[in-house]
Amino acid sequence: MTRTRAFAAPSIAVAVAAAVAGCSDPGDQDSDATVTGVSGAAACEAPYAVVSPAVATPGSVVTVTLSSMTDECFDTNERPRAETPVAEVILVSLVEVDGGHKLNQGEVILGQSLSGSVSLDVPSGARPGDYEVVLTPEVVSADTEGLTVVAE
């Protein structure tokens with residue numbers, strides 16, 4: 001009888017350890033499960049566009065950089081495959097916030113890195129003011145930082 005108990009206790013410990021180890025694998029959890037205090041969906045990097053420099057004068061050149069251009073999120077390993085870009089080519093436009101005047105536009109070809117950039121001229125006759133980045137096709141979840149044009 002003592003033998004049975006000696007073997008039963010280690011068996012239970014192994015079973016508990018295996019069950020606990022299974023809980024630590026993010027692939028076994030629901031996509032909305034909380035892992036280390038962060039929701040699985042919230043841990044993915046949102047698509048974003050940044051204009052550099054953020055303040056420019058007419059006649060200068062700015063660079064618009066796109067990153068993480070995907071609507072997919074696989075940070076919890078629910079599907080082990082590569083993320084795909086929202087489109088192969090994204091049209092980037094700088095549009096005046098007050099009035100909708102299009103300052104300039106260009107194309108960004110996205111690769112496997114889901115990122116890319118385009119250099120755009122700020123026309124010599126550009127009106128001072130704030131301009132926003134508009135992406136086509138629209139990337140609904142994209143965070144964008146705009147451009148401010150100041151007088152020379």
field: Any side-chain heavy-atom pair of Leu135 and Met69 under 4.5 Å
entry: yes
message: If I compare all heavy atoms of Pro58 with all of Ser124, which pair ends up nearest, and what's the gap?
response: CB-O, 3.3 Å
message: I'd like to know whether CD1 of Ile109 has more than 12 heavy-atom contacts from other residues, nucleotides or ligands below 6.0 angstrom.
response: no
- request: Find the distance between CG (Leu147) and CD (Glu96) and round it off to the nearest 0.5 Å.
  value: 11.0 Å
- line: Here the pair of heavy atoms bringing Val61 nearest to Pro53 is O-CD, 4.0 Å
Cluster overlap Leu110 with Val118, hydrophobic side-chain contacts below 4.5 Å: yes
field: Nearest atoms (heavy-atom pairs only) where Val133 meets Glu145
entry: CG2-O, 3.5 Å
field: Separation of Asp143 CG from Ser67 OG (nearest 0.5 Å)
entry: 11.5 Å
- request: Can you measure from CG (Leu103) to CD (Glu132) and round to the nearest 0.5 angstrom?
  value: 12.0 Å
field: Option among Val108, Val50, Thr63, Leu66 that satisfies the side chain to side chain contact (heavy atoms under 4.5 Å, CB included) test with Ser117
entry: Thr63
Nearest atoms (heavy-atom pairs only) where Thr70 meets Thr84: OG1-O, 2.7 Å
- request: List the steps, then state whether side-chain contact (heavy atoms from CB on, under 4.5 Å) holds for Ser68 with Leu114.
  value: CA-CA 5 Å; Ser68 302; Leu114 306 174; 5.7 Å; no
- prompt: Taking it one step at a time, do Thr57 and Val122 satisfy side-chain contact (heavy atoms from CB on, under 4.5 Å)?
  reply: CA-CA 7 Å; Thr57 57; Val122 177; over 6 Å; no
- prompt: Between atom OH of Tyr48 and atom OG1 of Thr144, what is the distance when rounded to the nearest 0.5 Å?
  reply: 13.0 Å
task: Could you tell me whether a side-chain N or O of Asn104 sits under 3.5 Å from a main-chain N or O of Asp121, the two making a donor and an acceptor?
output: yes
Distance-minimising heavy-atom pair for Ala126 and Val149: CB-CG1, 4.2 Å
statement: One should read off an interatomic distance between His101 NE2 and Leu94 CG, to the nearest 0.5 angstrom, of 10.5 Å
